[in-house]
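Heads up, the thing below is written out as structure tokens.
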Protein chains: 2
Amino acid sequence: MNDVAAAAGVALKTVSRVVNDEPGVNAATALRVKAAIDRLGYRRNDGARTLRRGRTASIGLVIEDAADVFYSSLSRAVEETALHHGCLLFTGSSQEDAARERDLVLAFCARRVDGLIIVPAGTDHTYLAPEFEAGTRAVFADRPPGAGCEADVVLSDNAGGARAGAAHLIAHGHRRIAFLGDLPRIFTAAERLRGYREALAAAGLPYDEGLVAMGPADPARLRADLARLLRAADPPTALLTGNGRTTVETLRALASITGSATGAFVEGVRPGLGGLALVGFDDFELADLLGVTVVAQDPARLGRTAADLLFLRLAGDDGPVTRFELPTRLIPRGSGERPPPPRRDHP
Amino acid sequence: MNDVAAAAGVALKTVSRVVNDEPGVNAATALRVKAAIDRLGYRRNDGARTLRRGRTASIGLVIEDAADVFYSSLSRAVEETALHHGCLLFTGSSQEDAARERDLVLAFCARRVDGLIIVPAGTDHTYLAPEFEAGTRAVFADRPPGAGCEADVVLSDNAGGARAGAAHLIAHGHRRIAFLGDLPRIFTAAERLRGYREALAAAGLPYDEGLVAMGPADPARLRADLARLLRAADPPTALLTGNGRTTVETLRALASITGSATGAFVEGVRPGLGGLALVGFDDFELADLLGVTVVAQDPARLGRTAADLLFLRLAGDDGPVTRFELPTRLIPRGSGERPPPPRRDHP
DNA sequence: GTGCGGATTGACAACGTTGTCCGGGGTCGT
DNA sequence: ACGACCCCGGACAACGTTGTCAATCCGCAC
């Protein structure tokens with residue numbers, strides 16, 4: 001900027017005025033300055049600018065895994081909203097690791113982002129207190145913050161969705177419904193398990209721990225769990241899977257167990273569910289073609305809502321902390337509407 | 001930092017030394033400073049730091065669409081590498097819009113990112129010249145920069161992959177192979193079309209424009225194009241689809257045309273390809289279960305390679321501009337190995 | 001001629017760091 | 001006891017902007 005000023009034969013401040021389209025600059029002078037800018041290929045240093053002004057016009061987004069479609073859709077929506085507010089976006093994946101989440105958040109704070117959108121991996125967010133003190137705003141998405149952290153949060157109706165999914169299977173005659181969820185320490189997984197239990201209770205069905213398997217969507221683990229479930233004396237007639245990855249891996253595992261499903265779509269062989277009914281939490285690509293009934297969340301809306309809320313806060317809204325809960329939607333596609341096979345235990 | 005210095009009863013510079021783990025500070029003094037830092041909840045302002053130091057320890061990534069699995073995988077890999085180098089990552093989606101790409105890149109440059117990884121939407125990158133002049137480094141990924149822009153680039157072997165895919169179908173007896181690609185102005189789409197033509201030529205087959213449909217993966221358009229292709233006097237017996245989205249939407253379109261495939265997996269109805277063979281460019285989730293033969297790219301490797309290259313440059317490597325071309329891999333799963341139906345035109 | 005108002009422009013400090021350089025002690029060797 | 005040297009701490013400028021305030025110039029009315 002100094003060079004530009006020298007080249008145009010004006011003072012530093014005049015260049016600043018031109019660059020920022022401030023009024024009170026003679027048209028001829030402005031033209032001379034602009035020419036110098038073009039000639040020198042000058043570009044304002046936003047770092048210095050934000051240092052002086054206090055706001056960085058950037059926000060930070062911490063998600064669980066950028067490569068997961070659920071989070072990348074959320075991410076995309078946040079990005080769109082941020083851009084709309086003239087904000088740039090820092091992104092980082094926590095990989096379900098609380099320390100990484102914390103490091104990312106603090107790194108963003110050191111960059112003095114105006115706000116944060118966090119899909120928390122950890123359950124302790126006291127580390128944010130000094131940042132809140134300093135005026136940084138944060139909105140939590142998909143999962144709430146740990147105890148003692150007062151911040152807005154946008155969730156899906158996890159329990160309600162799982163309840164609806166389980167109730168759907170019950171309504172179609174199922175009595176033995178297995179639940180395959182993620183680690184119970186993950187908020188959404190715990191909530192969905194709760195919804196599943198509530199649906200059972202509402203129908204007067206017993207809760208059988210033997211029908212529940214919680215853990216990350218690891219193919220080998222799922223195969224083992226499913227094999228165990230299906231070998232049991234009183235096997236489930238239906239499955240409720242707790243998230244998109246688990247649903248997909250469950251389909252794979254069932255295919256490998258029944259040994260028949262691979263290539264089903266193009267070869268026309270017997271389907272790969274082995275007679276089981278299935279409802280999956282989260283919609284996923286091609287679930288429509290496969291005929292998989294799901295409880296759909298709307299990750300883009302989750303992201304949009306969180307971002308809108310954040311920008312409202314940044315605009316000065318100091319209302320009480322809010323907690324949004326977005327509805328889920330059950331989409332019947334066939335796999336969740338199959339009746340259980342006729343009972344043979346009373347011949 | 002001033003406050004911390006005052007609180008600890010030391011000079012500004014001493015706090016700076018403690019914060020940066022610089023040697024030459026008495027252990028007792030350091031402890032006092034650290035205590036003051038904790039007490040005040042102080043966090044270094046990285047904006048000021050980078051202003052002083054010149055490097056921002058951040059890079060910018062411009063992709064086409066953050067919600068697309070191909071780019072989100074690429075993005076994830078870049079993020080990982082950046083984190084590994086202690087760099088934060090700005091991300092933005094160009095939405096296949098050259099102006100947006102340019103705005104994003106320039107916004108990143110105004111933030112003085114150390115480097116850029118760009119999946120270009122436009123074909124004119126002369127706007128980058130002043131940035132290169134200023135020392136910013138850029139690596140292009142998935143598609144090359146426009147003419148006159150000297151920068152490293154990491155691509156997939158698009159033509160080779162498409163050639164292999166088409167050759168695979170030809171080897172299984174197909175003579176009428178349709179190609180469904182994206183807009184030919186997109187580099188990858190043009191290259192894949194070229195590979196398709198090369199494979200035809202190598203097999204002595206004619207190139208029939210009537211068998212080629214190029215455009216975005218719009219469901220309605222694909223349905224119309226497919227209907228037209230299948231109604232023709234001499235319809236194709238096989239399809240080569242030009243990218244992941246197109247493959248998926250083609251499966252949907254075929255299902256809706258043949259009216260039979262929805263729910264195939266769970267219901268066991270006739271498959272939805274209507275007797276057609278299919279090879280898709282890009283692997284996609286559940287392609288294995290569906291039995292769809294694909295030419296797989298490795299988006300994560302694309303991202304990793306680009307990021308590694310960028311950090312090599314940032315570390316001072318001033319070798320000549322390089323152009324990586326990563327191999328693709330044909331994965332047979334059934335849909336690409338089906339023979340054409342017996343010919344009936346010579347009864 | 002003098003004073004005044006508006007339009008333009010400029011000088012200077014400040015944002016929060018870090019790099020450079022200097023000084024004040026203490027320790028060690030002679 | 002004295003100089004050389006090392007360790008630690010501090011003063012100050014600089015990074016590239018922008019906000020504040022003052023200065024200059026012009027035309028015009030009195």
Side-chain angles (χ1 to χ4, degrees), chain A residues 1-34 36-37 40-58 106-114 130-131 133-136, chain B residues 1-34 36-37 40-58 86 106-114 130-131 134-136:
Chain A
M1 189 140 143
N2 240 323
D3 302 342
V4 175
V10 297
L12 192 58
K13 180 65 203 183
T14 303
V15 180
S16 171
R17 274 193 262 261
V18 172
V19 168
N20 293 300
D21 280 322
E22 279 175 35
V25 177
N26 187 296
T29 315
L31 228 59
R32 225 174 29 186
V33 171
K34 276 180 185 152
I37 286 177
L40 299 178
Y42 164 81
R43 223 84 86 178
R44 177 176 65 198
N45 183 330
D46 272 346
R49 165 175 236 245
T50 63
L51 175 59
R52 188 67 233 274
R53 297 192 123 193
R55 283 233 168 166
T56 57
S58 60
L106 290 183
F108 291 161
C109 287
R111 292 301 219 284
R112 293 298 187 272
V113 294
D114 296 333
E131 313 304 335
E133 202 74 32
T136 310
Chain B
M1 191 140 142
N2 240 324
D3 302 341
V4 176
V10 298
L12 192 60
K13 180 65 202 182
T14 303
V15 180
S16 170
R17 273 193 264 262
V18 172
V19 168
N20 294 299
D21 280 323
E22 279 176 34
V25 178
N26 187 297
T29 315
L31 227 59
R32 227 175 28 192
V33 171
K34 275 178 187 155
I37 287 177
L40 299 179
Y42 164 80
R43 225 82 89 177
R44 176 176 64 199
N45 184 329
D46 272 347
R49 165 175 235 245
T50 63
L51 175 60
R52 188 68 233 279
R53 298 192 123 192
R55 284 232 167 165
T56 57
S58 60
L106 290 184
F108 291 161
C109 287
R111 291 302 218 286
R112 293 296 189 271
V113 294
D114 297 332
E131 313 304 333
T136 310

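Everything numeric in this text was worked out from a predicted model, so none of it was measured. Letters go in sequence order (proteins before strands), and every chain restarts at 1.
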Round to the nearest Å and state the distance from [X] atom [atom1] to [N] atom [atom2].
X       : N      : atom1 : atom2 : value
A:Ile37 : D:dG16 : CD1   : C1'   : 14 Å
B:Asn26 : C:dG24 : CG    : C1'   : 15 Å
B:Met1  : C:dT17 : CE    : P     : 6 Å
A:Glu22 : C:dG10 : CD    : P     : 14 Å
A:Asp3  : D:dT17 : CG    : P     : 10 Å
B:Arg52 : D:dA13 : CZ    : P     : 12 Å
A:Tyr42 : D:dG16 : OH    : C1'   : 8 Å
B:Asn45 : D:dG16 : CG    : P     : 16 Å

- Message: By the definition side chain to side chain contact (heavy atoms under 4.5 Å, CB included), identify the one residue from B:Val25, B:Thr29, B:Leu12 that meets it with B:Arg17.
- Response: B:Val25

- Task: Identify which one of A:Asp3, A:Val19, A:Val33 satisfies the side chain to side chain contact (heavy atoms under 4.5 Å, CB included) criterion when paired with A:Tyr42.
- Result: A:Val19

- Closest nucleotide of DNA chain D for A:Lys13 versus for B:Gly24: which of these residues is on the 5' side? B:Gly24

- Task: Go through C:dG10, D:dG9, C:dT17 for me and flag the one nearest to the B:Leu12 side chain.
- Result: C:dT17

- Query: Nearest to the side chain of A:Ala11 - C:dG16, D:dG10, C:dA11?
  - Reply: C:dA11

Pick base, sugar-phosphate or nothing for [X], based on heavy-atom distances below 4.0 Å to the nucleic acid.
X       : result
A:Thr50 : nothing
A:Asn20 : sugar-phosphate
B:Arg55 : nothing
B:Val19 : nothing

- Checking side-chain contact (heavy atoms from CB on, under 4.5 Å) for the pair B:Arg32/B:Val10: CA distance, chi angles, key distance, verdict? CA-CA 9 Å; B:Arg32 227 175 28 192; B:Val10 298; 3.2 Å; yes

- side-chain contact (heavy atoms from CB on, under 4.5 Å) between B:Leu51 and B:Arg112: does it pass, once the steps are laid out? CA-CA 9 Å; B:Leu51 175 60; B:Arg112 293 296 189 271; over 6 Å; no

Report yes if a side-chain nitrogen or oxygen of [X] is closer than 4.0 Å to either non-bridging phosphate oxygen (OP1 or OP2) of [N]; otherwise report no.
X        : N      : value
B:Arg53  : D:dC15 : no
B:Arg49  : C:dT18 : yes
B:Arg112 : D:dG16 : no
A:Thr14  : C:dT8  : no

- Message: Taking the nucleotide of DNA chain C with the nearest heavy atom to each, does A:Thr29 or A:Leu51 sit closer to the 5' end?
- Response: A:Thr29

- Message: Could you report the tightest heavy-atom contact between A:Val18 and A:Ala30, atom names first, then the distance?
- Response: CG2-CA, 4.0 Å

- Item | Side-chain donor/acceptor contact of B:Arg17 with base of D:dG9 under 3.5 Å | yes

- Message: In the structure I gave you, are the side-chain heavy atoms of A:Asn20 and A:Arg49 within less than 4.5 Å of one another anywhere?
- Response: yes

